[in-house]
Peer 1: 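Below: one structure in structure tokens.
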There are 2 protein chains.
Amino acid sequence: MSPKVSKQHKEQRRANILEAAKDVFIEHGYEKATMKHILEAANVSRGGLYQYFKNKEDVYEALLEESINESMHHTLDQLDEEVSSYWDLLLTRIFGKGQQPDDEMDPMAPSNLEFFITGRNDQRRREYGKTRYYTGLKIYKSIIEKGQENGEFSKKFDSDILARSIISFIDGLALDYSILPPEDVKLKEQSIMFVDYLKMALGVDQG
Amino acid sequence: MSPKVSKQHKEQRRANILEAAKDVFIEHGYEKATMKHILEAANVSRGGLYQYFKNKEDVYEALLEESINESMHHTLDQLDEEVSSYWDLLLTRIFGKGQQPDDEMDPMAPSNLEFFITGRNDQRRREYGKTRYYTGLKIYKSIIEKGQENGEFSKKFDSDILARSIISFIDGLALDYSILPPEDVKLKEQSIMFVDYLKMALGVDQG
DNA sequence: TTGTAAATCGACATCGATGTCGTTATAATA
DNA sequence: TATTATAACGACATCGATGTCGATTTACAA
């Protein structure tokens with residue numbers, strides 16, 4: 001369908017493969033997914049697939065990059081320009097656009113956890129996970145600190161620990177969501193309770 | 001060393017294998033550990049190992065049973081006899097005997113997460129994880145509810161959601177601990193902050 | 001239209017892990 | 001001591017996943 005290059009088609013092909021791979025990872029998880037699953041889902045041959053990615057890890061990292069670029073930049077951009085309410089910004093960062101806790105969860109969350117947990121003895125993956133963690137941490141810290149300087153947030157709690165707690169909370173929910181059948185996880189209720197906690201910790205009045 | 005049975009020796013052998021297996025799982029994690037690792041660590045032959053366990057999953061479940069029997073019963077026993085302070089009981093359940101948050105974490109925690117996450121598409125494992133979750137949940141709920149009836153705890157929050165939040169908090173910490181190098185996780189500080197939260201939610205004054 | 005670079009293909013060799021099975025060694029019993 | 005049940009052994013067949021490579025096909029340029 002597209003030999004001797006064309007760059008357009010190459011990028012298109014790559015995107016197709018990633019799209020298919022995403023479905024595969026959502027269905028099988030990281031460990032149980034195989035290159036064969038991916039090439040079948042993407043309708044490429046074995047050789048075709050290996051032209052674009054050198055192994056499963058490579059495919060997965062490409063997907064991670066995608067999602068980082070998607071979510072991270074939004075918040076970073078908003079942080080640059082002074083924003084009206086850091087509380088809103090914080091909620092958006094935690095819960096996404098909707099700003100309200102709901103019963104949705106990123107379908108890639110389970111395989112993401114798998115990817116990092118199963119790779120925790122691998123130098124490369126560990127480094128990758130660490131970078132990812134601190135990148136996220138930094139964003140939360142920035143929001144909290146700016147809000148504190150602003151006077152919008154109380155200074156009674158340490159921004160670092162608070163930010164870590166937020167990440168930890170999200171991770172905990174993602175984990176339970178990954179293990180339990182969806183209907184057994186009360187994402188919304190737990191999120192609401194956590195928001196209450198944040199309000200208290202940051203001294204925010206209104207919701 | 002012990003053919004034609006003796007029951008004593010059989011149980012001893014089994015215990016030896018499990019002990020060795022535990023080390024293996026701590027070192028390699030669940031997925032990357034192999035039966036070969038285990039049989040080498042336990043100094044048994046392949047056939048010897050398969051005499052006691054039919055596969056890796058079987059070995060791991062035996063380890064899980066062990067740890068459940070260890071930790072669960074303590075709390076359950078205490079719940080039967082009326083206890084002086086449910087707050088203390090709650091802390092003991094969360095943080096263990098010491099009752100204070102520290103920088104320790106069960107070394108099996110990472111592989112436990114792995115075991116359940118990678119098995120989330122397996123009917124059997126999913127059921128197992130669910131049972132485990134609800135067993136733990138029930139204990140926390142009982143403690144909270146008894147404390148609430150007692151007047152020791154405030155009733156402003158729902159015991160079910162609160163109990164789930166506790167589990168979620170523990171899971172989140174375990175997850176971060178599994179992914180990050182130990183020195184990058186602030187178990188103690190985050191735990192202290194969480195205890196503050198619980199105090200507020202339960203209306204407990206003193207620490 | 002023809003030549004060519006390279007994208008695509010799929011058969012194949014390799015590897016590691018698994019579980020089995022016939023053989024051997026040994027603890028209990030008579 | 002001889003017998004026997006069975007624990008322990010390790011070689012082996014099997015399987016699935018991986019990554020490679022020579023052959024083939026096709027888009028683009030001349």
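Just so it is clear: chains get the letters A, B, ... in the order the sequence lines come, proteins before strands, and each one is counted from 1. Just so we're clear, the structure is a prediction, and the values are computed from it rather than from any experiment.
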Peer 1: When the nearest nucleotide of DNA chain D is assigned to B:V44 and to A:K54 on a heavy-atom basis, which residue is associated with the more 5' position?
Peer 2: B:V44
Peer 1: Closer than 4.0 Å, any side-chain N/O of B:S45 to the OP1 or OP2 of D:dC9?
Peer 2: yes
Peer 1: Between D:dA7, D:dC9, D:dG19, which one does the side chain of A:N55 approach most closely?
Peer 2: D:dG19
Peer 1: Quick one: list whatever passes ring pair (Phe, Tyr, Trp, His ring centres under 6.0 Å) with A:F25, sequence neighbours left out.
Peer 2: A:Y30, A:Y60
Peer 1: Between the protein and nucleotides 11-14 of chain C, list every N/O to N/O distance that falls short of 3.5 Å.
Peer 2:
none

Peer 1: Under 4.0 Å: is that the gap between some side-chain N or O of B:Q51 and OP1 or OP2 of D:dA8?
Peer 2: no
Peer 1: With sequence neighbours excluded, what pairs up with B:K22 under the salt bridge (Lys or Arg N to Asp or Glu O under 4.0 Å) test?
Peer 2: none
Peer 1: Rounded to the Å, how far apart are A:Y52 OH and C:dT8 C1'?
Peer 2: 9 Å
Peer 1: Using salt bridge (Lys or Arg N to Asp or Glu O under 4.0 Å) as the criterion, list what pairs up with A:R125, not counting sequence neighbours.
Peer 2: A:E57
Peer 1: Side chains of A:E61 and A:F115: closer than 4.5 Å at any heavy-atom pair?
Peer 2: yes
Peer 1: Can you list everything that forms a side chain to side chain donor-acceptor pair (under 3.5 Å) with B:E27? Sequence neighbours excluded, please.
Peer 2: none
Peer 1: Quick one, which residues of residues 19-35 of chain B touch DNA chain C with a heavy atom under 4.0 Å?
Peer 2: B:T34, B:M35
Peer 1: I'd like to check the side chain to side chain donor-acceptor pair (under 3.5 Å) partners of B:S85; sequence neighbours left out, ordered by chain and number.
Peer 2: B:E152
Peer 1: Describe, as an angle rounded to 10 degrees, how the axis at the first end of the helix from C:dT1-D:dA30 to C:dA30-D:dT1 is tilted relative to the axis at the last end, five pairs per end.
Peer 2: 0°
Peer 1: Just the rounded figure in Å: distance from C1' of D:dA27 to CD of A:Q8.
Peer 2: 14 Å
Peer 1: Using the salt bridge (Lys or Arg N to Asp or Glu O under 4.0 Å) criterion, which residues pair with B:R46? Sequence neighbours excluded.
Peer 2: none
Peer 1: State which residues pass side chain to side chain donor-acceptor pair (under 3.5 Å) with A:E65; sequence neighbours excluded, sorted by chain then number.
Peer 2: A:Y128
Peer 1: Do B:L39 and B:I17 have side chains that approach each other closer than 4.5 Å (heavy atoms only, starting at C-beta)?
Peer 2: no
Peer 1: Applying salt bridge (Lys or Arg N to Asp or Glu O under 4.0 Å), name anything that partners B:K130, two or more places apart in sequence or on another chain.
Peer 2: A:D184
Peer 1: OP1 or OP2 of C:dC21 sitting under 4.0 Å from any side-chain N/O of B:Y50?
Peer 2: no
Peer 1: Measure NZ/B:K10 against P/D:dA5 and give the value in whole Å, please.
Peer 2: 16 Å
Peer 1: Where the side chain of A:R13 is concerned, which of D:dA7, D:dT18, C:dC9 is the nearest nucleotide?
Peer 2: C:dC9
Peer 1: Could you note down all residue pairs passing salt bridge (charged side-chain N to carboxylate O under 4.0 Å, His left out) where residues 98-116 of chain A supplies at least one of them, sequence neighbours left out?
Peer 2: A:E114-B:R120
